[in-house]
Visitor: 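Can you keep this structure in mind? I'll have questions shortly.
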Amino acid sequence: MNWTITNRNGYNSHVKAVATNHPEYTYEGGMKDYQPHGYGAIYKNGNLYQCGEWYEGDLEISMDEEEYNETMNRIFNQK
């Protein structure tokens, strides 16, 4: 999928994006070269579709929602 970034957090490269040809798909997480990269989640019509650790647009490590939320909370709450 190709993505259009709608919001970016420059501090940690966390983005929100929408699929260019499929607007029902949105993405939130790390991104490199306009492809999911790092931890992130794809949502379809606002519902979680896939989440985990991405590498250049491919889901390398799939996670369930609870595991993903715990990982993201740990990352964003680091001091």
Side-chain angles (χ1 to χ4, degrees):
M1 254 184 249
N2 295 314
W3 300 93
T4 300
I5 295 172
T6 59
N7 195 347
R8 177 186 303 273
N9 179 342
Y11 175 72
N12 59 15
S13 300
H14 189 86
V15 303
K16 291 184 179 181
V18 62
T20 55
N21 293 330
H22 302 282
E24 69 273 18
Y25 290 97
T26 57
Y27 174 77
E28 187 172 332
M31 186 167 275
K32 177 181 173 184
D33 298 330
Y34 294 94
Q35 291 299 318
H37 190 81
Y39 290 105
I42 292 179
Y43 298 87
K44 183 177 181 182
N45 297 319
N47 297 309
L48 184 64
Y49 180 70
Q50 289 181 309
C51 61
E53 189 170 359
W54 300 81
Y55 182 77
E56 296 180 355
D58 294 322
L59 185 60
E60 293 286 315
I61 301 172
S62 181
M63 297 177 173
D64 64 27
E65 186 172 11
E66 183 178 347
E67 183 180 20
Y68 175 74
N69 288 335
E70 287 174 4
T71 299
M72 295 307 287
N73 283 333
R74 190 170 44 251
I75 290 169
F76 282 105
N77 292 320
Q78 290 179 352
K79 293 186 180 191

Visitor: Do I75 and M63 belong to the same hydrophobic cluster, where Ile, Leu, Val, Met, Phe, Trp and Tyr are linked whenever their side-chain heavy atoms lie under 4.5 Å apart, directly or via other members?
Guide: yes

Visitor: Kindly check if the number of other-residue, nucleotide or ligand heavy atoms within 6.0 Å of CG (D64) is above 12?
Guide: yes

Visitor: Once you measure the plane-to-plane angle for Y25 and Y49, does it fall in the parallel (<30°), tilted (30-60°) or perpendicular (>60°) bin?
Guide: perpendicular

Visitor: In the hydrophobic clustering that connects Ile, Leu, Val, Met, Phe, Trp and Tyr at side-chain heavy-atom distances below 4.5 Å, which members other than Y43 occupy its cluster, ordered by chain and number?
Guide: L48

Visitor: Once you round to the nearest 0.5 Å, how far does CD1 of I61 lie from CD of E67?
Guide: 9.0 Å

Visitor: Can you tell me how far apart CG (D58) and NE2 (H37) are? Round to the nearest 0.5 Å.
Guide: 11.0 Å

Visitor: Between Y27 and W3, how do the two ring planes meet: parallel, tilted or perpendicular, split at 30° and 60°?
Guide: tilted

Visitor: Check whether any side-chain N or O of H14 sits under 3.5 Å from a backbone N or O of N9 as a donor-acceptor pair, and report yes or no.
Guide: no

Visitor: The criterion is ring-ring contact (aromatic ring centres under 6.0 Å, His included); which residues satisfy it with Y68, sequence neighbours excluded?
Guide: none

Visitor: According to a hydrophobic-cluster definition based on side-chain heavy atoms being under 4.5 Å apart (Ile, Leu, Val, Met, Phe, Trp, Tyr only), do Y55 and M1 belong together?
Guide: no

Visitor: Roughly how far, to the nearest 0.5 Å, is CG of N2 from CD of Q35?
Guide: 6.0 Å

Visitor: Rounded to the nearest 0.5 Å, what separates atom CG in N47 from atom CD in E24?
Guide: 12.0 Å

Visitor: To the nearest 0.5 Å, what is the distance between CH2 on W54 and CE on M31?
Guide: 9.5 Å

Visitor: Counting only heavy atoms from other residues, nucleotides and ligands, does the tally under 6.0 Å from CD of E60 exceed 12?
Guide: yes

Visitor: I need the E56 CD to D33 CG distance, nearest 0.5 Å.
Guide: 7.5 Å

